[in-house]
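In what follows, a single structure is set out as structure tokens and then discussed.
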Amino acid sequence: PTEPPSPQEHGLDFERLLDASAYKERFRQDMIRWGEEKRRADPGFFCRAAVQGALQPVWVVSDTRRLSDVEWFRAAYGDVVQTVRVVASEETRKRRNWVFVAGVDDAESECGLDQGVAFDWVITNDGDEVALSEQLEVLVQSLHGSL
């Protein structure tokens, strides 16, 4: 079997992989499979890549998707780790053109943190900019107080 694509290893258009285009969807399952192979060989592979060279006192590591990612950061950095989950209702997600795809949207890469994690923060992003701003302000103020 051929190795699934990764942007750097397979010459994919990285910017187009960031949106919800048909281009991304064409490679999505292969990217998930490639990521799973990397994680099986080394569970900290992507976590180390995320923090490589980071020197700032506060970092945001977005898009962790698995319990093993959260556990890696907690083991590596202890109590300073703050976990934040951003949620939106299914109605909101559909308004944003999300369509459930069996075998993709129910895979660990998409729902691996739906259970088993006690998040420090849960931010609701259903399109109310004022409510979102208020939630983020509380989070930012808390982070400032921790420095």
Side-chain angles (χ1 to χ4, degrees), residues 4-9 12-21 23-25 27-147:
S6 73
Q8 290 87 359
E9 294 174 13
L12 299 177
D13 184 332
F14 181 73
E15 291 300 319
R16 291 184 69 194
L17 292 173
L18 295 177
D19 62 27
S21 67
Y23 180 87
K24 174 186 174 181
E25 291 305 313
F27 297 107
R28 189 172 179 198
Q29 286 185 313
D30 287 340
M31 290 187 303
I32 291 169
R33 197 168 25 257
W34 175 82
E36 295 302 330
E37 289 173 8
K38 292 289 189 188
R39 272 184 198 81
R40 270 193 294 280
D42 176 5
F45 178 83
F46 293 105
C47 297
R48 281 191 308 282
V51 300
Q52 184 176 11
L55 302 173
Q56 299 78 8
V58 175
W59 336 320
V60 175
V61 180
S62 64
D63 212 19
T64 56
R65 294 173 174 248
R66 290 164 182 78
L67 182 57
S68 61
D69 295 338
V70 173
E71 290 170 341
W72 186 91
F73 280 102
R74 286 184 173 154
Y77 300 103
D79 292 339
V80 299
V81 172
Q82 294 284 301
T83 55
V84 180
R85 182 173 182 107
V86 179
V87 297
S89 70
E90 191 167 323
E91 291 171 6
T92 298
R93 296 170 72 201
K94 286 179 180 178
R95 277 196 316 271
R96 294 173 178 158
N97 298 320
W98 172 78
V99 177
F100 178 84
V101 176
V104 174
D105 290 311
D106 52 0
E108 183 184 11
S109 65
E110 302 303 314
C111 56
L113 295 176
D114 288 353
Q115 298 176 357
V117 178
F119 288 93
D120 299 302
W121 301 88
V122 177
I123 304 293
T124 301
N125 182 10
D126 274 326
D128 181 335
E129 291 182 33
V130 172
L132 179 60
S133 292
E134 289 171 353
Q135 295 171 84
L136 293 174
E137 183 61 31
V138 172
L139 173 58
V140 168
Q141 289 303 319
S142 177
L143 292 174
H144 278 285
S146 307
L147 295 178

message: Test of understanding: with salt bridge (Lys or Arg N to Asp or Glu O under 4.0 Å), list the residues that count as partners of E71, not counting sequence neighbours.
response: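 None.
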
- request: Could you list the residues that satisfy salt bridge (Lys or Arg N to Asp or Glu O under 4.0 Å) with D79, not counting sequence neighbours?
  value: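 Testing D79 for salt bridge (Lys or Arg N to Asp or Glu O under 4.0 Å), a comparison that skips the adjacent residues, returns none.
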
message: Enumerate the ring-ring contact (aromatic ring centres under 6.0 Å, His included) contacts for residues 50-109, please, sequence neighbours excluded, ordered by first and then second residue.
response: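 Every pair satisfying ring-ring contact (aromatic ring centres under 6.0 Å, His included) with a residue in residues 50-109: W59-Y77.
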
Side-chain polar contacts of residues 140-147 - donor-acceptor pairs under 3.5 angstrom, sequence neighbours left out - could you list them?
| from | atom 1 | to | atom 2 | distance (Å) |
| --- | --- | --- | --- | --- |
| Q141 | NE2 | E137 | OE2 | 2.6 |
| S146 | OG | S142 | O | 3.0 |

Would you name the heavy atoms of [X] and [Y] that are closest together and state the gap between them?
{"X": "L113", "Y": "L67", "value": "CD2-N, 3.3 Å"}
{"X": "D128", "Y": "A131", "value": "OD1-N, 3.0 Å"}
{"X": "R96", "Y": "A88", "value": "NH1-CB, 3.7 Å"}

query: Hey, what do you get for CD (Q82) to CZ (R74), rounding to the nearest 0.5 Å?
result: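 So the CD of Q82 and the CZ of R74 are separated by 9.0 Å.
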
Interatomic distance, Q135 atom CD to L132 atom CG [nearest 0.5 angstrom]: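 So the CD of Q135 and the CG of L132 are separated by 6.0 Å.
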
query: Okay, side chain of T83, backbone of D120: is any donor-acceptor separation there less than 3.5 Å?
result: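 Yes, T83 side chain to D120 backbone: donor-acceptor pair under 3.5 Å.
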
message: Quick check against the 3.5 Å criterion: does R39 have a side-chain atom that pairs as donor or acceptor with the backbone of G35?
response: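 Side chain of R39 to backbone of G35: a pair is present.
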
field: N-O pairing of E90 and K94 below 4.0 Å
entry: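 Between K94 and E90 there is a salt bridge, with a charged N closer than 4.0 Å to a carboxylate O.
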
Report all side-chain donor-acceptor pairs from residues 40-58 shorter than 3.5 Å, counting only partners two or more places apart or in another chain.
| from | atom 1 | to | atom 2 | distance (Å) |
| --- | --- | --- | --- | --- |
| D42 | OD1 | G44 | N | 3.1 |
| D42 | OD1 | R48 | NH2 | 3.2 |
| D42 | OD2 | R48 | NH2 | 2.2 |
| R48 | NH1 | G44 | O | 3.4 |

query: Tell me the salt bridge (Lys or Arg N to Asp or Glu O under 4.0 Å) pairs involving residues 80-89, sequence neighbours left out?
result: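 Pairs touching residues 80-89 that pass the test: R85-D114.
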
